[in-house]
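For reference, the structure is listed below as structure tokens.
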Amino acid sequence: MSVLENTKHAVERAAVEKMADELIKKLNQAGDYESRSEIYVKIVDLAEKFYTDASHETFERVRTYVSNPENRWVRMINHVLDEADPEYVKSVLLNLGYEAFFCGTKKIRENRKKYDCNIPWLILFDPTMACNMHCKGCWSGTYGHKSSLTYEQMDKIVTEGKELGVHLYMLTGGEPMVRKDDIFRLCEKHHDCFFAAYTNSTLIDEAVCERVRKLGNLTFMLSIEGSEETNDARRGEGHYQSAMKAMDLLKKHGIIFGTSICYTKDNIEAVTSDAFFNMLVSKGAHFGFYFHLMPIGTNAVPELMPTPEQRKYMIQRIREVRSETCKIEFFPMDFQNDGEYVGGCIAGGRNYFHINSNGDAEPCVFIHFSNCNIKDCSILDILQSPLFKAFHEGQPFNRNHLRPCPMLENPQLIKEMVHATKAHQTNTESPEEVEELIAKTEAYAEKWAPVAEEIWNEKKHPQPSYENYTKEKREHPELAGFDHPDGTHSIDLN
């Protein structure tokens, strides 16, 4: 940014912060939920002033939605506000709302056109691979436990990301809270960004919660997998109780947080039961990500992968919990099965990418191949590298967005891209070449394909109003190149 742009942005942010202060004060003073709904409408009015890409009709629909205090999602928002610290809420609105959604999205879209490559909305990176747990089938264990990014390298990621418009950063590992001091330092310096750490919860204590509450721009996604029995069977005895304690502490300090849930053949019913969802809500968690177990690395356990029937159940169950008629105040998101809502695969920088603890830039947290490293490349260099450009040119990898992944559901495509771009594998501890990887996914892809087609063809799927594909595919959908009988397409990298 130029000095003039920085000054203009600072003045605008100050004005938004003042308005946010007033709105949050009114929300907390509101004597009933009907009064809060009137304030929500004012927040939508404010949002429309800054987010000019959406139509007036879209904002009108949102106003109608939030004006009804009996709407299930409005009830959930009210529930969250009742539990959350007001200053923390203000920081979330400023950094996740104003900076990431409004300012960041506009700049990201401008840069996608300017640089003719994917520019992500969020960047995921690993502060360290060190971890105090050894969960069964964990892909990150294949990296070893010795590698870590320096504070300077993490600062470089965020500084360069912001220049492109990225204001949301997710941290994983390993256990990122092993590096809590550097993470706090990063959050403090980049107070205009929002950070979310995927954590096993065992290092969250009173002191951590107090620091996070004051920072206001860090949250947690806690790993939890159903009942104490199903959770500890994979994560080790005592982990469930550690997660319960962490949730109690976060709720006590008014920190908004979510969950990270890996679903497997053995735990799928436990992690989707009414009892499980209601327990999370009672503990203060109101949103969470579900991740399909991936058979990554030499310590993978492919037999834990859900069956096609179980994955079909998962699709139905998540949509049921998100429906208007469901009484559960929890919003689940399914990384593998919600492709319809995000236009398929979001990796390779289309909406996100991953930097591991060695600094290798990988298109996805589950795809451990790379052309470049943050130690000697810029974020823009990474996004314009051969493997990332292959993702940019190839997306969507399947017209059926229940088969979005070039590794899990379309394994021949990741093989094509790795060989064509001469990408190298990044598991230095337990090397795994692309042929070894897809040997564990080809049978799964074959079994899932007919089930996915059956589900996909049950209803019409309107084209989203915005799809971050190449310009040619946006303007001429017929150029997407679908020519395989199974719905996938070849990737022309010449």
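Everything quoted here is computed from the prediction, not taken from an experiment. Counting from 1, the numbers follow the sequence of the chain as shown.
- The number of heavy-atom neighbours closer than 6.0 Å to CD of E269, taken from other residues, nucleotides and ligands shown, is 12 or below.
- Using modelled atom types and a 3.5 Å distance limit, the side chains of N410 and N398 yield a donor-acceptor pair.
- The aromatic rings of H354 and H368 sit tilted relative to each other, their planes meeting at an angle between 30° and 60°.
- Looking at R403, K447, R311 one by one, the single match for salt bridge (Lys or Arg N to Asp or Glu O under 4.0 Å) with E409 turns out to be R311.
- Heavy atoms only, all atoms of each residue included: I123 and G161 are closest at CD1-CA, 4.4 Å.
- Annotation: side chain of I183 is in contact with side chain of P127 (closest heavy-atom distance under 4.5 Å).
- The shortest side-chain heavy-atom distance between L168 and Y352 does not fall under the 4.5 Å cut-off.
- Taking the side chain as every heavy atom from C-beta outward, E416 and Q412 approach each other to under 4.5 Å.
- Aromatic ring centres of W456 and H401: separated by under 6.0 Å.
- Between W73 and Y65, the distance from one ring center to the other does not fall under 6.0 angstrom.
- The backbone N or O of N337 lies less than 3.5 Å from a partner atom in the side chain of D334, making a donor-acceptor pair.
- Checking side-chain atoms of N78 against main-chain N and O of R75 turns up no donor-acceptor pair under 3.5 Å.
- Using a 4.5 Å cut-off on side-chain heavy atoms (C-beta onward), S385 and F388 make contact.
- Atom-to-atom distance recorded for E225:CD and T259:OG1 is 10.5 Å, nearest 0.5 angstrom.
- Using a 30° and 60° split on the angle between ring planes, F291 and F335 fall in the tilted class, from 30° to 60°.
- In terms of heavy-atom proximity, P295 sits nearest to L437 at O-CD1, 4.2 Å.
- In this structure, W121 contributes its side chain and A100 its backbone to a donor-acceptor pair below 3.5 Å.
- Remark: K156 NZ is packed, more than 12 non-hydrogen atoms of other residues, nucleotides or ligands lying under 6.0 Å away.
- Residues passing the ring pair (Phe, Tyr, Trp, His ring centres under 6.0 Å) test with F287, sequence neighbours excluded: none.
- A distance-only check finds a donor-acceptor pair linking the side chain of E436 to the backbone of E433 [under 3.5 Å].
- Side-chain polar atoms of T470 and E393 form no donor-acceptor pair below 3.5 angstrom.
- For N373 and D360, the side-chain atoms include at least one donor-acceptor pair closer than 3.5 Å.
- More than 12 heavy atoms of other residues, nucleotides or ligands sit less than 6.0 Å from atom NZ of K440.
- Side-chain atoms of K251 come within 3.5 Å of backbone N or O of S282 as a donor-acceptor pair.
- With 3.5 Å as the limit, one finds a donor-acceptor pair spanning the side chains of T325 and S323.
- No side-chain donor from either of T264 and D266 sits under 3.5 Å from a side-chain acceptor of the other.
- Under a 3.5 Å cut-off, the side chain of E99 and the backbone N or O of L96 do not form any donor-acceptor pair.
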Just do the side chain to side chain contact (heavy atoms under 4.5 Å, CB included) check on F195 and V212 with the steps written out, would you? CA-CA 11 Å; F195 298 84; V212 170; over 6 Å; no
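- For F257 and F220, the ring centers are positioned 6.0 Å apart or more.
- Counting non-hydrogen atoms of neighbouring residues, nucleotides and ligands closer than 6.0 angstrom, the NZ atom of K245 reaches no more than 12 such neighbours.
- Under 3.5 Å, the side chains of R112 and N118 contain no donor-acceptor pair of N or O atoms.
- One N or O on the side chain of H461 and one on the backbone of K459 form a donor-acceptor pair closer than 3.5 Å.
- Between the side chain of H424 and the backbone N or O of F369 there is no donor-acceptor pair closer than 3.5 Å.
- Inter-residue side-chain proximity for L164 and I379 is flagged as met; some heavy-atom pair is nearer than 4.5 Å.
- H167 and K162 are not linked by any side-chain donor-acceptor pair at a separation below 3.5 angstrom, with hydrogens and angles left out of the test.
- When side chains are defined from C-beta on, V66 does not count as touching N71, because their heavy atoms never get closer than 4.5 Å.
- No donor-acceptor pair closer than 3.5 Å links the side chain of W448 to the backbone N or O of T307.
- Note: Y263 and Y290 have tilted aromatic rings, judged against thresholds of 30 and 60 degrees for the angle between ring planes.
- For the residue pair E432/N427, the side-chain donor-acceptor check at 3.5 Å is not satisfied.
- Of all non-hydrogen atoms in I224 and I261, the two that sit nearest each other are O-CG1, 3.3 Å.
- T272 and Y313 form a side-chain donor-acceptor contact under 3.5 Å, judged by distance and modelled atom types alone.
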May I have the step-by-step check of side-chain hydrogen bond (donor to acceptor under 3.5 Å, both in side chains) for Q310 and H292, ending in yes or no? CA-CA 11 Å; Q310 287 177 318; H292 186 291; over 6 Å; no
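- Considering all non-hydrogen atoms of both residues, L222 and A246 come closest at CD2-CB, 3.8 Å.
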